[in-house]
A.B. asks: 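Supplied in structure tokens, the structure appears directly below.
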Amino acid sequence: MADRLLFSKTGRAKYISHLDLMRTFQRAFARAKIPIKHTEGFNPHPFVSIALPLSVGYSSQCEILEFGLMEGTGREEVPGRLTAAMPEGIVVHQCYPAQRKLKELAYVNYIMNLEYPAGRPQETESAMRELLGRDSLIMQKKSNKAKKGYTEVDLIPLIRGWNLECQSDTMTLDAVLSAQNPGLNPELIHSAFCQEYPQFRPDMVTFHRREVLDKDGTPFR
């Protein structure tokens with residue numbers, strides 16, 4: 001049975017790439033003297049796998065890493081020892097045995113903040129509601145497998161639900177999106193908004209992953 005970590009990635013740590021994050025965890029396990037399982041073969045390496053790779057620049061409070069803990073270390077010891085060996089911004093909150101398959105991870109809750117320091121145009125709210133209320137919203141998505149280098153995807157069926165809140169200088173979209181097969185990166189929603197309403201392009205946009213969910217909408221662990 002595999003083991004899992006629940007960890008957050010915030011602050012400057014959100015600029016660590018996926019591959020560098022994997023190496024960071026491998027080194028942290030070694031520094032913390034936490035023995036973990038390795039792959040077999042001529043060139044064994046620590047077995048660590050992150051469930052849903054996070055885009056560079058995104059923060060998150062619900063990242064899941066899968067690994068194999070060797071006997072001799074209690075799971076309750078792992079979060080504190082591992083966090084102490086991590087760079088600032090990466091905090092391990094929980095270590096627990098995997099009880100469910102990762103393919104059961106169906107949705108991700110994202111918070112997208114569109115910021116307008118000089119003042120948010122009032123029409124932005126109705127524009128975003130119109131966009132997400134459409135029956136279909138086709139966007140191009142990069143694909144290494146497609147001959148053209150991209151595929152077309154309809155965003156609307158991949159959005160399970162959303163809520164919009166507006167302040168004088170921000171517009172916050174709280175959305176539950178498909179996690180995998182296929183998954184929807186909220187950057188595509190931002191791109192669609194800027195493409196359809198270029199006059200309302202924000203000065204800055206941030207993305208935060210708040211929760212991962214199963215098909216019933218309950219937290220996945």
A.B. asks: Identify the heavy atoms of Leu164 and Arg129 that sit nearest to each other, and give their distance.
C.D. replies: O-NH2, 3.4 Å
A.B. asks: With no hydrogens and no angle check, do the side chains of Thr170 and Asn113 hold a donor and an acceptor under 3.5 Å apart?
C.D. replies: no
A.B. asks: Please check if the number of heavy atoms outside Gln199 that lie under 6.0 Å from its CD is greater than 12.
C.D. replies: yes
A.B. asks: Determine yes or no for a side-chain-to-main-chain donor-acceptor pair under 3.5 angstrom, with Asp214 supplying the side chain and Asp216 the backbone.
C.D. replies: yes
A.B. asks: Please table the atom pairs, donor to acceptor, closer than 3.5 Å between any side-chain atom in residues 174-184 and protein atoms at least two apart or in another chain.
C.D. replies:
from: Asp174; atom 1: OD1; to: Asn109; atom 2: ND2; distance (Å): 2.8
from: Asp174; atom 1: OD1; to: Arg210; atom 2: NH2; distance (Å): 3.4
from: Asp174; atom 1: OD2; to: Arg210; atom 2: NH2; distance (Å): 2.5
from: Ser178; atom 1: OG; to: Pro182; atom 2: O; distance (Å): 2.6
from: Gln180; atom 1: NE2; to: Leu102; atom 2: O; distance (Å): 2.9
from: Gln180; atom 1: NE2; to: Leu105; atom 2: O; distance (Å): 2.7

A.B. asks: Flag the pair Val205 / Phe193 as yes when at least one side-chain heavy-atom distance between them is below 4.5 Å, and no otherwise.
C.D. replies: no
A.B. asks: Would you check if the distance from the ring center of Phe29 to the ring center of Phe67 is below 6.0 Å?
C.D. replies: yes
A.B. asks: Answer yes or no: does atom CG of Asp135 have more than 12 heavy-atom neighbours from other residues, nucleotides or ligands under 6.0 Å?
C.D. replies: no
A.B. asks: I'd like to know if the side chain of Thr83 reaches the main chain of Val92, judged simply by a donor and an acceptor atom lying under 3.5 Å from each other, with no hydrogens or angles considered.
C.D. replies: yes
A.B. asks: Minimum heavy-atom separation for Leu69 to Arg75, with atom names?
C.D. replies: CD2-CG, 4.0 Å
A.B. asks: By salt bridge (Lys or Arg N to Asp or Glu O under 4.0 Å), which residues pair with Glu187, not counting sequence neighbours?
C.D. replies: none
A.B. asks: Backbone N or O of Cys62 within a donor-acceptor pair of the Arg209 side chain at under 3.5 Å?
C.D. replies: no
A.B. asks: Please check if the side chain of Tyr116 supplies one atom and the backbone of Phe200 the other of a donor-acceptor pair under 3.5 Å.
C.D. replies: yes
A.B. asks: Looking only at heavy atoms, which two atoms of Ile156 and Leu132 are closest? And how far apart?
C.D. replies: CD1-O, 3.8 Å
A.B. asks: Crowded around Gln167 CD? As in, over 12 foreign heavy atoms under 6.0 Å?
C.D. replies: no
A.B. asks: Do Tyr58 and Leu173 share a hydrophobic cluster (ILVMFWY, side-chain heavy atoms under 4.5 Å, transitive)?
C.D. replies: yes
A.B. asks: Take atom OH in Tyr15; do more than 12 heavy atoms of anything else shown fall under 6.0 Å from it?
C.D. replies: no
A.B. asks: Under a single-linkage definition using a 4.5 Å side-chain heavy-atom cutoff for Ile, Leu, Val, Met, Phe, Trp and Tyr, are Ile50 and Leu82 assigned to the same hydrophobic cluster?
C.D. replies: yes
A.B. asks: Could you tell me which non-hydrogen atom of Cys194 sits nearest to which non-hydrogen atom of Pro202, and how far apart they are?
C.D. replies: SG-CD, 3.9 Å
A.B. asks: Give a yes or no on whether the backbone of Ile16 and the side-chain of Lys9 come within a donor-acceptor separation of less than 3.5 Å.
C.D. replies: yes
A.B. asks: Other residues, nucleotides and ligands only: do more than 12 of their heavy atoms fall within 6.0 Å of CD on Glu165?
C.D. replies: no
A.B. asks: Looking at every non-hydrogen atom in both residues, tell me the closest pair between Glu123 and Ser126 and how far apart they are.
C.D. replies: O-OG, 3.0 Å
A.B. asks: Do Leu188 and Leu54 belong together in a cluster built from hydrophobic side chains that touch within less than 4.5 Å?
C.D. replies: yes
A.B. asks: Check step by step if salt bridge (Lys or Arg N to Asp or Glu O under 4.0 Å) holds for Glu211 and Arg221.
C.D. replies: CA-CA 10 Å; Glu211 188 60 277; Arg221 292 290 182 268; 3.3 Å; yes
